[in-house]
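Contents: one structure, followed by commentary.
All ligand and atom numbering here is 1-based and tracks the order in the structure.
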Amino acid sequence: MQFDVQILARIIEHAPTCILLLEKDGVIVYANLHGQKFFGFSKDELAGKPLSFLPDFYDKLSAHDSTLKSVIDGTLKNSKITCGSSNKVCMMNSIKIGGVGPDQDLTALVIKDITEEEVLHEQIEKKELEIAKMNAELIRSKAELKKLSSLKSNFLSIASHELNTPLTSIKGYSDIIIDNMREKIEPSVFRMIESISRAADRLHKVVNNMLDVTKIEQNRLRLHPEPVDIGAICKDCVEEISQLAAKRKITFICGIASDLPMFNGDRARLYQVFTNLFSNAIKYSPDGSSVNVSIAVKHGNRFHIIVKDRGIGIDEEEHKNIFHPFYEVGSSNRHSTDFTKFMGGGSGLGLSIAKGVVERHGGKIWVESAGAEKGNFPGSEFHILLPLHANITWDDDDTKSNGTKRLLEADAAFSESRDSTSQQEQVKPKVLFIDPDKEGVEIASMILEDVFDIITAPNGEQGLKLAFHQAPALILMDAHLPGLDSWRVCRILRSQEETRDIPIAFFSDNAKDDEVKRSFESGANDFIVKPFSPKELVEKIWRLLMDKQEEETFR
Ligand code: ADP
């Protein structure tokens with residue numbers, strides 16, 4: 001395509017970049033409009049002048065010999081300079097373009113003002129740097145938060161276990177006194193001891209809640225599922241809590257569908273969810289109000305549980321927060337009004353545990369409420385959805401799967417055996433207790449000595465000796481023995497003919513999954529978590545002894 005020379009000349013004249021034509025000695029022969037504006041001279045003023053006529057520009061070019069030379073040679077490529085009092089940033093290129101006559105050897109110098117682009121670029125770079133810094137800060141804060149959260153979980157876990165050990169003694173001693181020494185003690189002292197036992201129960205509940213929260217946070221909440229009737233669990237819980245509700249004249253109204261299918265879930269944990277929701281409904285409602293509880297199947301694939309109270313309500317911005325551990329809404333005086341004083345206030349753990357349990361069953365929990373307003377009772381509605389058929393990998397072990405049935409059997413056997421023991425002067429089964437904690441040994445002995453013949457050892461080595469020489473019917477062993485560790489003791493016992501079949505139960509104030517797993521792997525038959533009530537301990541022992549008897553019968 002042929003272009004009219006005039007058109008080309010006009011394009012050059014009006015081009016938005018600055019174009020200078022230079023002769024080979026650097027003299028300017030032409031400057032387009034942009035060039036004239038850029039340097040602040042007219043075409044005529046610039047024509048015939050050497051580059052040094054533009055002193056500031058010239059100084060910048062001659063700062064490097066090579067730059068000035070390549071300008072004139074037509075070999076300058078993308079060279080950036082800052083010039084002028086306004087500090088303009090320019091991008092320069094030069095190219096030989098020949099000339100009209102044979103002697104004419106022109107160079108075109110193209111100067112692009114990139115000041116705005118540079119400023120923008122600088123700003124972007126600055127922003128990118130800021131973002132990078134903020135990102136680094138975020139990553140650091142996230143890591144710090146994670147560390148803090150894990151520290152908190154560890155602290156809770158350690159604190160709970162440290163509390164559990166003395167609690168076992170308090171509960172153990174007080175229950176022994178209550179069960180066996182009523183006649184020997186002044187009634188007023190006896191009542192004090194009953195108070196101690198009740199306080200220990202309350203503290204035990206708090207400690208267990210703290211442990212549950214750490215288990216949920218560390219994803220180690222173990223469920224023991226079985227087919228359960230959710231409606232029946234709910235009704236049982238309502239019945240139990242009704243005594244507490246009656247004190248505040250609060251009534252529970254149940255609307256539970258009669259044809260609910262069975263649910264594969266953890267009975268005790270579901271009971272715990274209902275207990276937490278119901279006790280909150282009572283705590284945060286005025287005297288004389290009512291609580292509605294309904295359970296129905298929704299859309300044919302999930303249970304929908306609703307607990308609706310007529311209490312103080314919860315502001316919308318708190319709806320999510322209340323499910324966080326240790327979170328409590330506002331100050332406790334918001335939990336009371338001019339009409340009535342509520343029993344509000346707790347440890348702030350109930351709802352986070354409920355959420356953890358519901359989610360572990362594959363469900364969802366949330367609250368709906370019009371918000372809290374002093375003196376008004378908008379009420380709150382807690383909703384739970386649970387899948388009819390939860391596809392969950394249960395963390396189970398066989399000692400728990402038939403829990404209730406086996407416990408009933410053990411209970412019956414215990415009562416039967418206790419009766420017959422007194423009647424027939426039966427020989428007491430020998431139980432070897434390996435535990436370095438003197439107090440623990442003393443309490444267990446007091447609990448068990450009526451029914452069992454107790455022998456004790458403070459460490460694994462002595463425990464092994466007694467096991468070989470005295471052939472106990474059962475061994476109870478602390479999971480944290482000094483010296484020869486309990487897993488090795490257990491493996492040695494399992495490897496020897498004389499001790500191979502003795503039921504062994506580990507006990508600990510901690511139930512870390514890996515510890516429990518190791519215990520079972522080393523050959524233990526059960527793992528008992530402290531603190532245990534005297535009844536629980538006796539039941540466990542009978543259950544193990546019965547299992548062994550059953551095995552021997554079928555062998
Ligand atoms: P807490 O032991 O303190 O009751 P929760 O985890 O059970 O702990 O509840 C967290 C907070 O949520 C409570 O402190 C209370 O402020 C609020 N809350 C829970 N249930 C209700 C309710 N039914 N009505 C009003 N506020 C409630």
For ligand 1, is Phe323 a contact, meaning one of its heavy atoms is under 4.0 Å away?
no

Among Asn280, Asp309, Ile312, closest by any non-hydrogen atom to atom 19 (C) of ligand 1:
Asn280

Is the closest N or O pair between Gly348 and ligand 1 shorter than 3.5 Å?
yes

Validation row, ring centre Phe433 to ring centre Phe507 under 6.0 Å:
yes

For ligand 1, which part of Lys283 has a heavy atom less than 4.0 Å away: the side chain, the backbone, both, or neither?
side chain

For Leu349, counting its heavy atoms only, list the atoms of ligand 1 lying under 4.0 Å from any of them.
6 (O), 8 (O)

Which atoms of ligand 1 have any heavy atom of Ile314 under 4.0 Å away?
21 (C), 25 (C), 26 (N), 27 (C)

Where does Leu351 meet ligand 1, judged by heavy-atom distances below 4.0 Å: at the side chain, the backbone, both, or neither?
both

Anything under 30° is parallel, anything over 60° is perpendicular, the rest tilted; go ahead and classify Phe252 against Phe278.
perpendicular

If you count the atoms of ligand 1 from 1 in the order shown, which ones are under 4.0 Å from a heavy atom of Gly313?
25 (C)

Ignoring hydrogens and angles, write down the donor-acceptor pairs under 3.5 Å from the side chains of residues 196-206, residues two or more places apart or on other chains.
from: Ser197; atom 1: OG; to: Lys171; atom 2: NZ; distance (Å): 3.1
from: Ser197; atom 1: OG; to: Asp175; atom 2: OD1; distance (Å): 3.0
from: Asp201; atom 1: OD1; to: Lys171; atom 2: NZ; distance (Å): 3.0
from: Asp201; atom 1: OD2; to: Lys171; atom 2: NZ; distance (Å): 3.3
from: His204; atom 1: NE2; to: Asn208; atom 2: ND2; distance (Å): 3.1

Beyond-backbone contact of Ile384 with Lys364, side-chain heavy atoms, under 4.5 angstrom
no

Residues forming a ring-ring contact (aromatic ring centres under 6.0 Å, His included) with Phe303, sequence neighbours excluded:
Phe263

Any nitrogen or oxygen of Gly350 lying under 3.5 Å from a nitrogen or oxygen in ligand 1? Just yes or no.
yes

Stepwise, does the salt bridge (Lys or Arg N to Asp or Glu O under 4.0 Å) test hold for Lys235 with Glu239?
CA-CA 6 Å; Lys235 278 186 204 149; Glu239 204 176 303; over 6 Å; no

Looking at the rings of Phe520 and Trp487, which for Trp means the six-membered one, are their centres under 6.0 Å apart?
no

